[in-house]
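Quick notes on the structure that follows.
Within every chain, numbering begins at 1; the chains are lettered A, B, ... in the order of the sequence lines, protein sequences first and strands thereafter.
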There are 2 protein chains.
Amino acid sequence: MITIKDIAKKVGVAPSTVSRVLANKADFYTAETVAKVKTAARELGYKKNQSAADLVKQHSNVIAAVVSSVKTNFAGEIIEEIQKKAAEYGYKLIVVYSHSADPVEQKSALMTVIERPVMGVLLLSMALSDDNLKLLEEAQTSFCFLSMGFDDDRPFISSDDLAIGYQATKYLIDKGHRRIGFAGLDRYPNTGRLRLAGYQKALAEIGVTPEDHWVQSGDYSYESGLRAMQQYGAKTDLTGVVAASDMVAIGVLNQAHLFKLSVPDDLSVIGIDGTEMCEIVQPQLTSISQDFYKMGVAGVERLRQLDLKQQVVKNKQEFVPTKLIERGSVTYAAE
Amino acid sequence: MITIKDIAKKVGVAPSTVSRVLANKADFYTAETVAKVKTAARELGYKKNQSAADLVKQHSNVIAAVVSSVKTNFAGEIIEEIQKKAAEYGYKLIVVYSHSADPVEQKSALMTVIERPVMGVLLLSMALSDDNLKLLEEAQTSFCFLSMGFDDDRPFISSDDLAIGYQATKYLIDKGHRRIGFAGLDRYPNTGRLRLAGYQKALAEIGVTPEDHWVQSGDYSYESGLRAMQQYGAKTDLTGVVAASDMVAIGVLNQAHLFKLSVPDDLSVIGIDGTEMCEIVQPQLTSISQDFYKMGVAGVERLRQLDLKQQVVKNKQEFVPTKLIERGSVTYAAE
DNA sequence: ATGAAAGCGCTAACAC
DNA sequence: GTGTTAGCGCTTTCAT
């Protein structure tokens, strides 16, 4: 491995000079030195060990994103936003994946990022176990949860999941639906519980108590949607379904299709997330869009504020607005 | 920041002892010491600086994946495989994203991983510019390209893209098609050129010369598929289309649908990749499946061999077999 | 079984 | 402008 010492020796200067030249510090050295150093670096195939630099500087410009590889597909969209915003500020982004539910794998993913110098960590749709949250809090690293809210005091930027559940359900109610299912929901993380609560609240307002089989659990995946619809059955008495994610909605759509049910005429379906998938399926999917752009940007900004120590985080818990986009999967209830 | 020194001071032992205990080195110390050290570590909220350890050990157990965020969606599948296999060997995985086409962004992504201690880097569907390839080669880091082949001597594990193009086209030909389009192709990276060559070869065998407008360029995205089909037009004389990716195929499908063309009756469409999307769309998509499982596993294995220095890489360039999965988007040509 | 000391590659005072 | 020195947090001989 080639180090600055090797360059220093070859050029006949001190390692510190090499360091300064290569770091483009203000030009406190002759053009000649610069040229010699840079040439030598190139010739030797020098590659900086940024970790060593971070070690002495006690600072890194790497943002880490820990992403739950949950079977919905919005992660890509938000990662792209984070990356773009990070690049604007000269931050790099590394991503590690974990399954939201398994604490051991969670810990491994978390450790991967907090055991090395990172400027901050963004947790994407992660429901961290208590142990792992403690780990993170003790790690002396800035962090912020994205796209998942909590009822304790940890920092997050998320959609208001209670509102989402409510809004989706209310929308179907306003279209005349009263027998409305909720499909593909993962009750374990907060997100799921809140969306369910919103659903129940909207139904309660019109005096409807959901029957047990109306709510079908799952894991936000396409398969969950398929299964939920299979449970509802071809002769379901439901006229509308709130799906826990777009992928679930598509599963419901396809299984309904297999049952020869027409969406939206026989069954209205509304998704959650507003991913690109909505426009790709037939019929196009009416969905509650989460503002992934805003979440990504706000996440990076927040880490940046902490990095700059310009200000303490205010507004630690922040909701970003959602928007219901009407497409073709919902219509008025029949009767 | 709490270091082993702090623990050492608190417990009244040397830092080296703390290091040994915490690293679970063979039990060359009393149970009492172990207990004291571990307790102190917990109490102080000690967090290891793995980078510092890597620095002295001159070794890391992190595999880095550089992923081109090209608009096809197989990356998730292969990353999952890599992660699983890596975990088996105790390696961690970090992922960085880049756009395949922009050398500056490529370089930034590449630097992010080679400037720190990594055991090896896997390049996923990345067409590295010459400059950046040189950078990588000089970095003294093991690497291997995945899911993209090359005609120089760099190491890769990929599907045989020429064969893919040929196989897809030949399949349509065997179904009686002669006027066959190729949609959504990115000619820039090798992958695209090879698939196109395979397509041309298959057509040449039956004495058909593709007309200019049969081949529609793109970037593997859904939108590319839409656009390609728009170019072909509602009254296209094509009876079959080879799509450069599943997402392109779906774009073609949907635009055909808008044109009131029935797939496969009016137009047969075959995709490439074999992603989960194939089963989700209507009609289900016949596609050439790439074996992402095998690529992920083989990539990790190869890095591991290099890491262990057990053997030099043989079989540096390796093709993994593809498989044509018949679903519902192709049928016999009409006439 | 544990301590002392050296050093990984780099940067940042502080000299000169 | 550039060299000297110290040290980031950790591991690893080599002693004892």
Side-chain angles (χ1 to χ4, degrees), chain A residues 1-38 40-41 44-62 111 114-119 138-141, chain B residues 1-38 40-41 44-62 111 114-119 138-141:
Chain A
M1 166 172 258
I2 306 296
T3 74
I4 51 171
K5 278 190 193 167
D6 299 313
I7 299 177
K9 202 175 299 170
K10 173 159 184 171
V11 176
V13 296
S16 49
T17 301
V18 176
S19 169
R20 282 184 285 241
V21 170
L22 260 23
N24 291 311
K25 296 280 179 197
D27 36 9
F28 284 137
Y29 26 71
T30 61
E32 192 198 358
T33 311
V34 174
K36 281 195 297 188
V37 167
K38 293 205 166 169
L44 294 171
Y46 170 74
K47 169 198 114 186
K48 176 171 180 169
N49 184 334
Q50 187 62 50
S51 277
D54 288 350
L55 181 60
V56 19
K57 287 202 288 195
Q58 302 280 55
H59 184 270
S60 158
N61 69 156
V62 171
M111 280 308 196
I114 63 181
E115 279 187 351
R116 31 216 107 219
V118 294
M119 192 216 98
E138 285 171 347
Q140 298 293 65
T141 310
Chain B
M1 163 173 262
I2 306 296
T3 73
I4 50 172
K5 278 189 192 167
D6 299 313
I7 300 177
K9 203 176 299 171
K10 173 158 183 173
V11 177
V13 295
S16 45
T17 302
V18 176
S19 169
R20 282 185 284 242
V21 170
L22 259 24
N24 291 312
K25 294 283 179 194
D27 35 9
F28 284 138
Y29 27 71
T30 61
E32 193 199 358
T33 310
V34 173
K36 281 196 297 187
V37 167
K38 293 206 165 169
L44 293 171
Y46 169 74
K47 170 197 116 187
K48 177 170 178 169
N49 184 334
Q50 187 62 49
S51 277
D54 287 351
L55 181 59
V56 21
K57 287 202 288 197
Q58 301 281 56
H59 183 269
S60 160
N61 69 158
V62 171
M111 281 306 198
I114 63 180
E115 279 187 352
R116 29 216 108 218
V118 294
M119 191 216 97
E138 285 171 348
Q140 298 293 66
T141 310

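- Evaluation of the side chain to side chain contact (heavy atoms under 4.5 Å, CB included) rule for A:E32 yields A:T30, A:K36 as partners, not counting sequence neighbours.
- A heavy-atom distance below 4.0 Å to DNA chain D is reached by these residues of residues 4-16 of chain A, ordered by number: A:G12, A:V13, A:A14, A:S16.
- Contact between the side-chain N/O atoms of A:T17 and the OP1/OP2 oxygens of D:dG3 is found at a separation under 4.0 Å.
- For C:dA12, one of the phosphate oxygens OP1 or OP2 lies less than 4.0 angstrom from a side-chain nitrogen or oxygen of A:K25.
- Counting non-hydrogen atoms under 4.0 angstrom, B:S19 reaches a base of the nucleic acid.
- Residue B:T3 places none of its side-chain N or O atoms closer than 4.0 Å to OP1 or OP2 of D:dC8.
- In this structure, the helix from C:dA1-D:dT16 to C:dC16-D:dG1 shows an angle of 40° between the axis at its start and the axis at its end, each fitted on 5 base pairs and rounded to 10°.
- For B:V34, the side chain to side chain contact (heavy atoms under 4.5 Å, CB included) partners at least two apart in sequence or on another chain are B:V21, B:Y29, B:K38.
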Under 3.5 Å, side-chain donor or acceptor atoms of residues 1-10 of chain A against the rest of the protein: list the pairs with distances, not counting sequence neighbours.
unit_1	atom_1	unit_2	atom_2	d
A:T3	OG1	A:K5	N	3.1
A:D6	OD2	A:T3	N	2.8
A:K10	NZ	A:E43	OE1	2.9

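- Applying the 4.0 Å criterion to OP1 and OP2 of C:dG9, one finds that B:Q58 has a side-chain N or O inside that range.
- With sequence neighbours excluded, the residues forming a side chain to side chain donor-acceptor pair (under 3.5 Å) with B:Q50 are B:D54, listed by chain and number.
- Remark: A:K57 is not in phosphate contact with C:dA13, judged by side-chain N or O atoms under 4.0 Å from OP1 or OP2.
- Residue contacts shown for B:S51 are absent, as no nucleic acid heavy atom lies under 4.0 Å away.
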